[in-house]
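Read through the structure below, which is laid out as structure tokens, and then see the notes.
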Amino acid sequence: MENKTISVTVNGGSKASEVEPRRLLVHWIREALGLTGTHVGCDTSSCGACTVLLDGTPVKSCTMFAVQADGREVTTVEGLQQGGKLHPVQEGFKEEHGLQCGFCTPGMMLLGAALLEENPDPSEEDVRWAISGNLCRCTGYQNIVKSVQWAARKAASEQSGVNA
Amino acid sequence: MFPRSFDYLAPESMDDALSMLAEHGEDAKVLAGGQSLIPLMKLRFAAPDYIIDINRIPDLGSMHENGSLSVGALVRTHDIERSELIKDRYPAMAAAAPLISDPLVRNLGTVVGSLCHADPQGDWASVMLAMNAEIVCRTGESQRRIPVAEFVQGPFTTSLEPNEIATEVNIPDPGADTYGTYMKLERKVGDFASVGVAIHLSFDGPRVERAGIGLTAVGPANIKATEAEQLLTGAELDGGTIARAADLCAEAADPHSDLRGSADYKRAMVRVFVSRALSAATAGKAA
Amino acid sequence: MAVEEKEMPWVGRSVKRKEDDRFVRGGGNYLDDIRLANMLHMAILRSPFAHARIESIDTSAAEAVEGVVAVVTGELLAEHKLAWMPTLSGDTQAVLATDKVRFQGQEVACVVATDPYVAHDALELIDVEYEPLPVVVDPKKAVEDGAPIIRDDKEDQKDNRIYHWEAGDKESTDRAFSEADVVVELDTHYPRSHPAPLECCGCIADVNPATSKTMIYMTSQAPHAIRTVFALVTGLPEQNIQIISPDIGGGFGNKVPVYPGYVVATAASLLIGQPVKWIEDRTGNLASTGFARDFHMHGELALKQDGTMLGLRVGMLSDQGYAYADAQPSKFKAGLFHVVTGSYDMPAAHVVTDGAYTNKAPGGVAYRCSFRITEASFLIERLVQNAAYELGMEPVELRRRNFVRPEQFPYTSVTGFVYDSGEYAKALDVALEKSGYEQLRAEQERLRAEGRLLGIGVASFTEAVGAGPSRDYDILGIKMFDSAELRIHPTGKAILKLGVKSQGQGHETTFAQIVAGELGIPPEDVTVQEGDTDNTPYGLGTYASRSTPTGGAATAVVARKLRDKAKQIAAHTLEVSADDLEWEGDRFYVKGAPEQAATIQDIAFAAYTNHPQGMEAGLEGVTYYDPPNLTYPFGTYVVAVEVDAQTGEWKVRKVVAVDDCGVRINPMIVEGQIMGGLTEGFAMSAMQQITFDEDGNCMGSNFIDYLLPTAWETPTFELHATVTPSPHHPIGAKGVGESATVGSPAAFANAVVDALAHLGVRNIDMPLTSGKVWEAMQQARSS
């Protein structure tokens with residue numbers, strides 16, 4: 001079985017490597033790139049611990065082969081912060097106790113960040129719907145919702161700060 | 001979690017894809033959204049020698065209306081969910097889209113891929129049965145159109161030949177005055193259907209001009225409730241007609257008992273959903 | 001607001017979690033994130049049959065796969081006397097099957113390879129010949145005469161009975177029942193469930209052939225106890241075994257026991273001389289490790305017509321699977337299930353429990369509960385509601401009438417528990433007021449008239465958490481105390497090392513706050529370390545809501561010891577008598593001269609630079625804390641649901657939770673624990689269950705069949721508190737991690753049953769699926 005050479009923009013930087021076609025994207029991210037913030041929580045595409053953004057859209061990286069990502073852009077949790085400054089969603093999770101064990105957190109935060117790109121002021125229902133493909137066993141979700149909404153307010157205040 | 005080895009082919013044209021498929025036939029699987037295929041491969045329930053990834057073929061992701069609606073093989077469920085055209089003209093599709101799996105799976109999973117997967121618990125086939133859609137299939141030399149009712153043959157079985165690629169699903173013009181919905185009983189959001197009912201009605205004044213009903217997860221494949229469709233065609237939706245149609249649909253269902261509920265329960269839910277949907281359609285007419 | 005917050009004492013303040021920064025950056029260090037040089041990967045072959053004799057195992061094709069280093073079978077382990085291992089309740093279970101497989105999913109062989117993909121390729125090539133045997137899935141049939149004997153490997157095991165254990169008093173209970181006006185009965189099955197933390201189990205075993213040092217990175221809630229068990233099982237010297245539990249992606253009881261994967265990986269590393277990583281997949285997790293519950297319960301409650309409770313009779317049959325593998329005190333065979341009298345002043349009770357072997361995965365762990373207390377709480381709270389229907393009483397008034405009253409504490413229950421403190425009626429009152437209970441009842445009446453089904457369920461639970469005391473509580477003979485070691489360095493910064501182990505509970509913050517509360521060292525200056533057996537004092541680990549009652553108490557006690565020493569040092573540096581010093585917050589000052597003071601940081605510096613002659617230098621200590629009693633958190637939950645009369649689906653309208661866990665160290669974290677627990681209570685009542693078909697095939701071995709709630713179904717919770725300190729805990733705190741899982745399932749189930757109560761429905765077993773609710777309505781309407 002022939003290996004393929006792929007080139008993927010990961011968190012803004014180009015990453016090229018040779019990869020067996022059967023390698024799942026999540027394994028490539030974790031093993032080849034050493035980005036271990038993307039997790040594996042199930043075998044059946046059910047939990048979303050492996051969520052990454054593919055060209056800005058949330059996908060389950062356990063349900064894609066790495067070769068499919070060739071030529072595309074992937075954002076993982078490690079790419080959320082910019083220049084050492086946390087993304088508002090990351091701050092929100094700290095402020096609103098949006099995590100306990102932290103295992104689902106990278107996926108949840110990426111969903112939150114993607115949601116805010118589309119909808120800067122999401123309702124509780126909007127957030128619950130957006131994260132409904134991902135499982136959390138610790139928080140009961142309520143503080144995750146609050147964390148994303150905290151981030152929305154923070155982003156809005158930063159925006160108005162810039163405008164003012 | 002760890003699929004078997006395979007060779008990966010990424011054609012950039014449909015002709016290339018078809019010739020690869022002609023060469024490898026049953027040893028190959030076509031990969032579109034991958035949201036049904038890859039989970040099977042991870043569990044090693046499927047282990048093709050070749051994967052033909054059609055995602056690099058241009059134009060398969062388009063959706064356009066020209067006498068009928070063409071939905072290309074790379075149109076994602078998420079595309080349906082956010083389409084204004086679908087919301088305005090194809091309400092059964094609009095109702096079904098957000099009920100299919102979860103938001104991330106919908107971002108990749110395709111309508112055509114779901115139809116080809118032919119899971120009896122799959123939702124799209126019922127919607128397409130209700131809308132009398134056809135699958136457009138291509139081989140190297142020819143193209144054919146297969147009504148969804150003939151395309152879906154049984155659990156995980158379609159009439160697609162090993163050398164054929166389903167390039168689009170084609171949905172007839174619903175007419176100007178329509179009603180449609182999809183109702184789904186699920187144990188939690190994103191679950192496979194315990195029971196699903198797709199309904200599409202085209203009206204001519206107070207009368208139903210065309211009726212389509214598809215049932216999910218209550219038989220070895222999705223069921224087209226033809227007797228109920230016939231009853232409704234040309235009828236006005238009064239209480240008696242609705243009750244009779246709901247009964248006919250319940251009779252058409254052939255569910256089995258499992259952890260989701262007894263066969264009686266599932267049959268009863270078909271009745272409830274059909275009745276609710278038709279009543280809602282009437283309410284729309286009254287308004 | 002911010003200013004007020006700053007002036008609050010450290011204990012009681014919602015300090016943001018110290019651990020979060022690494023997690024939000026993707027910098028958590030979970031087991032699978034650890035990679036060692038030359039590390040190999042292990043995969044497990046599992047039995048497709050629930051009961052079968054192994055005729056032969058051919059591993060030759062698997063061994064021939066390029067990249068495969070070894071294939072381990074039970075036969076190989078047997079040569080090293082490792083084919084079987086003890087469970088945490090004193091039974092045995094197979095590491096890898098030798099004679100028979102006894103449940104579907106049992107570990108049969110392991111492949112060790114250079115890559116996990118290759119290991120799975122090789123698994124497919126192992127050829128095992130099985131001869132299927134009759135399968136026992138029903139524990140009631142398992143204990144009948146003539147049932148196939150599952151544990152024929154045990155010489156003295158002549159049937160499928162594991163234990164028979166009784167609590168309370170039969171005679172006085174029989175008498176109470178003979179005097180009763182009303183007896184209410186309930187038969188219910190608390191279904192088999194699984195904690196299913198989002199991270200599965202796993203380990204990396206690294207046996208250094210040159211030094212014989214055995215490093216095991218392991219997803220363990222109890223690393224010290226596991227090390228001791230490992231030393232006993234393998235014969236390796238305990239000081240050469242180091243277990244490190246890194247960040248854990250949730251535990252909930254799943255990560256307490258020893259699992260075959262840990263043992264095989266260690267044996268493989270020992271034989272091969274390279275590190276071996278085993279990461280459980282989700283199917284393995286759900287099908288083989290750490291199931292919970294599965295109690296078949298019968299309850300009878302005897303009452304007077306006025307609602308006074310007279311006695312409680314309980315029979316319980318536990319389906320343990322093929323091995324009795326609970327982690328629980330050896331004295332109590334069904335854990336703390338005998339706390340089943342709940343929040344009520346019950347004059348008499350008799351509890352009879354039996355355990356049975358079946359062809360299912362071994363267990364069962366206490367899933368987010370203190371040794372089987374969840375099942376007990378569920379039974380009594382369901383019984384009380386049904387008794388209220390029978391008596392025509394308002395369910396909350398029946399509860400109120402029978403609560404243990406505040407002046408009765410410490411209250412000794414008829415089954416032997418000594419409840420430390422409680423104000424049950426107060427918590428109930430807050431819950432009723434905040435939920436608008438009266439209005440809900442009125443609305444229920446109104447909606448019923450329209451044919452709509454609103455149900456209101458209440459549960460007033462009491463837990464017993466925080467084991468020890470060591471006189472009653474042990475795991476395999478190891479007494480259940482816990483420990484804390486505190487070192488204050490010259491610059492006044494501290495390291496606190498604990499025998500417990502966080503899996504998301506926020507120990508790095510909460511325990512730092514306890515130190516801050518006792519010594520005034522700000523939490524950010526206190527680093528909390530856990531989970532490394534070589535570098536933390538011995539402890540029994542984190543489960544049964546025991547970390548705050550034991551580890552938290554140890555922390556307060558050791559901090560107070562250091563404060564005593566600090567006083568002597570302060571007296572020396574301030575040149576006054578120790579008797580003339582007062583402590584305030586973070587300093588000792590001279591009585592009447594507050595400007596003459598030494599802060600804890602001054603004192604710490606002096607401890608290393610200017611300590612009194614004759615005193616040991618330094619400022620550090622260790623405490624092993626043996627609690628005098630359990631702690632008894634309590635509360636009342638009110639749940640309102642609306643049931644769809646046509647489909648049986650139900651939606652939660654309102655959840656109001658009033659919890660009293662004594663003093664709250666970090667209210668934000670406490671509320672996080674409660675919301676998580678409520679979610680799991682909802683999940684068990686609504687969807688979580690693992691069932692088996694008649695051939696013993698597991699019907700819940702992945703997240704498509706074993707349902708966990710998402711954000712969409714999970715209700716919004718409204719939380720309130722009352723505070724009744726524990727009289728014996730150094731800072732008055734009780735455990736809280738499990739309260740909501742213990743208390744809430746009954747509230748949800750009660751609500752759904754209440755919606756249908758006027759139709760005559762009295763019970764629907766969990767999970768209350770729409771199909772079951774619909775069947776119950778059909779039956780009620782037809783009868």
Side-chain angles (χ1 to χ4, degrees), chain A residues 20 22-23 27 30-31 34-47 49 76-81 86-87 89-106 108-109 124-125 127-145, chain C residues 14 16-17 19-30 32-35 116-117 195-200 247-252 279 281-283 285 502-506 668-669 671-680 682 702-704 708-717 740:
Chain A
E20 223 186 341
R22 64 167 166 169
R23 297 276 153 178
H27 291 143
R30 288 179 53 82
E31 304 300 328
L35 297 172
T36 55
T38 306
H39 299 144
V40 176
C42 74
D43 319 332
T44 49
S45 314
S46 309
C47 80
T76 70
V77 62
E78 290 90 347
L80 271 178
Q81 58 179 320
L86 293 183
H87 187 283
V89 168
Q90 291 173 300
E91 283 187 76
F93 272 69
K94 290 173 67 172
E95 289 294 323
E96 296 287 356
H97 190 26
L99 67 148
Q100 290 179 28
C101 83
F103 204 75
C104 76
T105 312
M108 291 292 184
M109 292 191 306
E124 175 179 348
E125 191 167 274
V127 180
R128 284 183 181 269
W129 187 248
I131 65 173
S132 64
N134 289 38
L135 297 173
C136 170
R137 293 293 283 161
C138 298
T139 65
Y141 304 105
Q142 196 157 322
N143 282 350
I144 294 179
V145 174
Chain C
S14 289
K16 304 291 181 229
R17 296 208 322 172
E19 43 272 81
D20 285 355
D21 202 60
R22 67 175 184 273
F23 289 127
V24 299
R25 291 171 193 269
N29 184 41
Y30 301 96
D32 197 19
D33 302 342
I34 299 168
R35 282 184 290 174
Y117 284 76
L198 205 52
E199 178 202 37
C200 293
D247 286 329
I248 297 185
F252 316 116
I279 299 294
D281 59 24
R282 182 56 66 183
T283 303
N285 177 253
S502 181
Q503 311 122 44
Q505 292 92 336
M668 175 190 82
I669 288 176
E671 293 196 346
Q673 292 296 304
I674 293 166
M675 287 190 278
L678 289 169
T679 303
E680 295 195 69
F682 164 69
N702 58 54
F703 284 161
I704 294 170
L708 306 178
T710 73
W712 193 247
E713 301 78 41
T714 302
T716 301
F717 308 115

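Every chain is numbered from 1 and lettered A, B, ... according to where its sequence line falls, protein lines coming before strand lines. Please read these numbers as outputs of a predicted model, since none were measured by experiment. Both backbone and side-chain heavy atoms feed into the values below; hydrogens, waters and symmetry mates do not.
In this structure, no portion of Ile144(A) lies under 4.5 Å from any heavy atom of chain C.
Here Arg30(A) is the residue among His39(A), Glu96(A), Arg30(A), Glu125(A) with the most heavy-atom pairs under 4.5 Å with chain C. Chain C forms the most heavy-atom pairs under 4.5 Å with one residue out of His87(A), Arg22(A), Glu78(A), and that residue is Arg22(A). Heavy-atom pairs under 4.5 Å with chain C were tallied for His27(A), Glu20(A), Lys94(A); the largest tally goes to Lys94(A). Annotation: maximal heavy-atom pairing with chain C below 4.5 Å, among Val145(A), Thr139(A), Asn143(A), occurs at Thr139(A). The most heavy-atom pairs under 4.5 Å with chain C, out of Glu91(A), Met108(A), Glu31(A), come from Glu31(A).
A donor and an acceptor atom, one from each side chain of Glu124(A) and Thr716(C), are located under 3.5 Å apart. A donor atom on one side chain and an acceptor atom on the other are found under 3.5 Å apart for Gln81(A) and Arg25(C). For Asp43(A) and Thr283(C), the side-chain atoms include at least one donor-acceptor pair closer than 3.5 Å.
Cation-pi contact between Arg23(A) and Tyr117(C): present, with separation from the ring centre below 6.0 Å and deviation from the ring axis of at most 45°.
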Checklist entry - Does the pair His97(A) and Arg17(C) meet the rule for a side-chain contact (heavy atoms from CB on, under 4.5 Å), with working shown? => result CA-CA 8 Å; His97(A) 190 26; Arg17(C) 296 208 322 172; 3.7 Å; yes

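Looking at Gln673(C) and Gln100(A), their side chains come closer than 4.5 Å, going by heavy atoms from C-beta outward.
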